[in-house]
Structure formats: structure tokens, C-alpha cells
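Only one structure is covered here, and it is reproduced in the block below.
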Amino acid sequence: VFYLLCCLVGLARSEIVSLNDDTFEHQTQASTGATTGSWLIMMGTAAGCDACTRLKPLFEDLGEDEGLYESSIVLGSVDVNESPKTAIRFGIQTIPTLLYLHKKKLYRFPADVE
């Protein structure tokens, strides 16, 4: 039993949730500030984006991080070409952009430049 439990814990991983204009709000509840957990979202999985292509495997590796899973951080991705309303809503000017929704706050990287 102990061995089986250890194996199952080793399999714990966070799936990357594919978000779009239709599912973003329902999944994250971002506008209410009562987000469904903490979300780390990669905005910009658009085809033809070299930086997005290079970042994607690193982002997927985060899904394998046991600490991330235990911290209840949900990974999400948004294709900005297929979800323009979500991109506009968050003022996405550069892709990829990482959004972190946590405790009613939004953090972004790259940060807004003024």
C-alpha cells in the first residue's frame, strides 16, 4: 500500500488548462476577484510566435513540478489569435505574456512599461 501511495504521489501533476474567450471567466472567475485558486496563465500560444514556442516546453515542465501542484496553482494557456477578447481584456501587447492571478490581484510579466 505504501509503495502504491508513493507511486500515485509521484504522478501528481498539474495539467495545463486551455482557456479561450468562452471559457476564461467561467474557469478563472477573474472579474469577481474570487479566482478559483491561483492561476499562472501563458497568454500567447499563437502559431508563428518563436518566443511562445521556446517558452512552451518550460511552461509544460512547470506542470510536472510537485510543489506547484501542492500549492494549488493552476496552469492555463490562451491562444491570443483564437481569443482576441481575452487578449484585449488584459491589454496584451506582447506575446508571450505571463499572467498570475492570486488573491484578487493580477501580476504580469513582462510588467507594464510606462
Selection residues 40-71 - residue pairs positive for disulfide bond (SG atoms under 2.5 Å apart), sequence neighbours left out: C49-C52
Partner set under side chain to side chain donor-acceptor pair (under 3.5 Å) for Y107, not counting sequence neighbours: none
Hydrophobic cluster identity match, L106 and I92, side-chain contacts under 4.5 Å: yes
With D21 via side chain to side chain donor-acceptor pair (under 3.5 Å) - residues at least two apart: T86
OG1-CE distance between T97 and M42, expressed to the nearest 0.5 angstrom: 10.5 Å
Minimal non-hydrogen separation, F59 against L40, with atom names: CZ-O, 3.5 Å
Nearest non-hydrogen partners of M43 and V80, listed with the distance: C-CG1, 4.2 Å
Which residues share a ring-ring contact (aromatic ring centres under 6.0 Å, His included) with F24, sequence neighbours left out: F90
Nearest non-hydrogen partners of V78 and S83, listed with the distance: CG1-CB, 3.8 Å
Gap separating the CG atom of L19 from the CD atom of E82, nearest 0.5 angstrom: 12.5 Å
Qualifying residue for side chain to side chain contact (heavy atoms under 4.5 Å, CB included) with L75, from D65, V17, I41, L62: L62
OG on S71 to NE2 on H102, rounded to 0.5 Å: 9.5 Å
Set of side-chain contact (heavy atoms from CB on, under 4.5 Å) partners for S77, sequence neighbours left out: I16, T45
Side chain to side chain donor-acceptor pair (under 3.5 Å) partners for N20, two or more places apart: T23
